[in-house]
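Residue numbers start at 1 and run along the sequence shown.
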Amino acid sequence: MKLWQIVAPDSCPESGQNLLGRELLEYANGYVEQLLEHGARPCSQVIVLLTHDERGMALYLAASRIGCELVLPYNLSSMDQEAMHQLRKDFNDALVCVTDGYEELKGVVRLRWRKARHPEALPEPGLVVERFLLLFTSGSSGSPKSVSVSEAVVTARIEAVAARLGFHSAMRSLLCGLMSNTTGVIFGFGPLMCGGTVVIPASRNVAQWPKVVERDRVTHLMLRPASLEEFLRAAEFEGCSLDSVETFAYGSAPLAQTLRDRLSRITTGRLVQGYGLSETYGPFIWTEEGCRDPDGYLIGTPDTTESVEIIHPAGMEQGPGELVITSGLLMNGYLTAGAPYPHLELPFRTGDIAFQDVSGNFHLVGRRSATVLTTNGHQIFPEQVERIAAEVCGPNQALLVGLWEPEGSRAVLVFSPTVADDQIRSTAICLMNSFSPETLPDDVAVMTNLSSSENEKLRRVTPKKEELSSRRPFGRVLL
């Protein structure tokens, strides 16, 4: 199904304008008209610097109607003239469009927010677009990668998540995510598909959102753990009522049990965790249970659109293995400069190491490519260590890295400068109670430039020695 077709006429993108779905389509036609005037055609690439609101949504719909491919740069906040020129060079002088802002950029098409002047002259929507989105990953584990996604995958994932999270015609979702990633698109178009309402906040300041939820009676929202902690802190401080919330979803990382407990005290809505098995647009694995498992965090069961299995290493029939998608819809794949357009084949190896319990739930152990080697030759999955650190210190406050030194490899658990010494000590105690001595980090340290991407994931980089302070062997933390 085309994205253009899923918008119910009486649905409502609610912002300062409070449009109906049919009006959003009319404004999308205004973008169609302008894009065609500037040379956009079916299968052509259009680089877009979009806003995370009804204008960004209308641009998606315009691309769906024309049949062109949207190229969506990730780090929009750092977009300058030099970065834009490099983008155009990378994409053969593709059209660059802006929905709002970026006044300093030259050589871009500034799309005006208006309805089509001659809607009767516009072409009818064509077939589902195979090359619909070209997204860039956050770059949290290295250089950002470009990922191709078809329109069929986008619409199928919106439908699947809407069904799993209980979207309905009376719902009121909060547009929390960016329109350049999965959450924003699903929580933007999912309600419009069901004839519901999407509430578009006037600000991207998470601390202001609890008041929006209370005032506008929001029923569904989804946040990453770092934003959820900020949201919860503001809700508690302001004394906001969240009694309208039916479903509070979170993703990208496990939620500390302390945060789940605090959230449960101020909302009776169900808490649902979603975990993506590919780079973007799922498939997703879901659970409504908390995570207290030291061997791997519970990610639950996959939705009904895919089949997922575990492949064990040769000679082993039990225990952790790699999660493999054997059927279902997936992204097209990674696009490499000069290479043919990608198309993933099934089965798809996710790189996630997990095990399955007797109830059929999957538990994630870590990423195959991210293991860190200790000085005694044992491999550690960073996710296991970082999950326990997050329980003590909060999300995005600690990172396990591997350092190669003359005496060999060392696994170093680095903390943000905002983490107190007693929290580091408590983390060490929790790790010692959870893992055998040979699988503990070798050292702990403080890293001043521990930073997150715009996708709220810690950048998994190898620090230089001079970037670390207060480094000491792990055992000395308890002295």
Side-chain angles (χ1 to χ4, degrees), residues 11-21 24 51-57 158 161-162 164-179 181-253 255-274 286 288 290 394-396 454-456:
S11 59
C12 181
E14 190 171 288
S15 62
Q17 302 186 72
N18 294 342
L19 305 171
L20 291 175
L24 180 65
T51 46
H52 310 295
D53 54 17
E54 64 274 17
R55 290 167 294 184
M57 296 171 67
I158 292 171
V161 174
R164 181 61 181 80
L165 297 184
F167 286 15
H168 53 80
S169 60
M171 73 174 295
R172 299 174 63 82
S173 81
L174 184 67
L175 188 63
C176 301
L178 304 176
M179 288 305 299
N181 73 14
T182 313
T183 305
V185 171
I186 290 175
F187 273 73
F189 288 106
L192 302 188
M193 178 188 69
C194 300
T197 297
V198 54
V199 176
I200 302 171
S203 167
R204 297 296 306 169
N205 184 349
V206 176
Q208 296 179 10
W209 289 353
K211 288 185 176 180
V212 177
V213 171
E214 180 180 46
R215 182 193 68 211
D216 295 332
R217 307 295 296 165
V218 168
T219 61
H220 294 70
L221 66 161
M222 185 170 190
L223 293 169
R224 296 178 182 274
S227 288
L228 197 152
E229 183 181 39
E230 184 180 356
F231 177 95
L232 184 55
R233 191 185 310 119
E236 292 170 333
F237 180 78
E238 299 286 349
C240 295
S241 171
L242 305 182
D243 64 334
S244 63
V245 176
E246 299 172 11
T247 300
F248 208 129
Y250 60 94
S252 88
L255 190 65
Q257 189 62 42
T258 51
L259 287 181
R260 286 182 63 93
D261 293 342
R262 286 168 59 192
L263 195 57
S264 297
R265 287 195 287 269
I266 62 174
T267 177
T268 57
R270 60 178 183 149
L271 306 181
V272 184
Q273 173 186 280
W286 303 93
E288 297 185 31
N396 290 2
E454 291 194 9
N455 209 20
E456 297 177 17

Chemist: Below 3.5 Å, can you tabulate the donor-acceptor pairs from side chains in residues 182-203 to any protein atom, sequence neighbours excluded?
Modeler:
from   : atom 1 : to     : atom 2 : distance (Å)
Thr182 : OG1    : Thr280 : OG1    : 3.2
Thr182 : OG1    : Tyr281 : N      : 3.3
Ser203 : OG     : Asn205 : N      : 2.9

Chemist: If only atom types and distance count, is the side chain of Thr247 paired as donor or acceptor with the main-chain N or O of Arg270 below 3.5 Å?
Modeler: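 Not at all, since once roles are kept as given, no pair shorter than 3.5 Å links the two residues.
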Chemist: Would you mind listing every salt bridge (Lys or Arg N to Asp or Glu O under 4.0 Å) that reaches into residues 192-204, with sequence neighbours excluded?
Modeler: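 Non-adjacent pairs meeting salt bridge (Lys or Arg N to Asp or Glu O under 4.0 Å): zero.
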Chemist: Pairs in or reaching into residues 208-217: which pass side chain to side chain donor-acceptor pair (under 3.5 Å), with residues at least two apart or in two chains?
Modeler: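 Passing the test, one end in residues 208-217: Arg217-Asp243.
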Chemist: Measure the OG-CG distance between Ser173 and Leu221 for me, rounded to the nearest 0.5 Å.
Modeler: 8.5 Å
Chemist: Test your reading of the model: is there a side-chain donor-acceptor pair from His220 to the backbone of Leu165, 3.5 Å cut-off?
Modeler: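 Side chain of His220 to backbone of Leu165, a donor-acceptor pair under 3.5 Å: yes, one is there.
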Chemist: Between atom CE of Met222 and atom CD of Gln273, what is the distance when rounded to the nearest 0.5 Å?
Modeler: 9.0 Å
Chemist: Nearest 0.5 angstrom please: Thr258 OG1 to Leu263 CG, how far?
Modeler: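 Separation between the atoms: 11.0 Å.
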Chemist: May I have the step-by-step check of side-chain contact (heavy atoms from CB on, under 4.5 Å) for Phe231 and Leu242, ending in yes or no?
Modeler: CA-CA 11 Å; Phe231 177 95; Leu242 305 182; 3.9 Å; yes
Chemist: Nearest 0.5 Å, what's the OG1-CZ distance between Thr267 and Arg265?
Modeler: 13.0 Å
Chemist: On a heavy-atom basis, which atom in Ala226 and which in Pro395 lie closest, and how many Å separate them?
Modeler: CA-CG, 3.8 Å
Chemist: Take Leu271 and Phe248 through the side-chain contact (heavy atoms from CB on, under 4.5 Å) test and state the conclusion after the steps.
Modeler: CA-CA 5 Å; Leu271 306 181; Phe248 208 129; 3.7 Å; yes
Chemist: Flag the pair Arg172 and Glu246 as a salt bridge only when some basic side-chain nitrogen lies within less than 4.0 angstrom of an acidic carboxylate oxygen.
Modeler: no
Chemist: Out of curiosity, Met171 CE to Ser11 OG, how far, rounded to the nearest 0.5 Å?
Modeler: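 It comes to 11.0 Å.
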Chemist: How long is the span from the CZ atom in Arg224 to the CD atom in Glu229, to the nearest 0.5 Å?
Modeler: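 So the CZ of Arg224 and the CD of Glu229 are separated by 15.5 Å.
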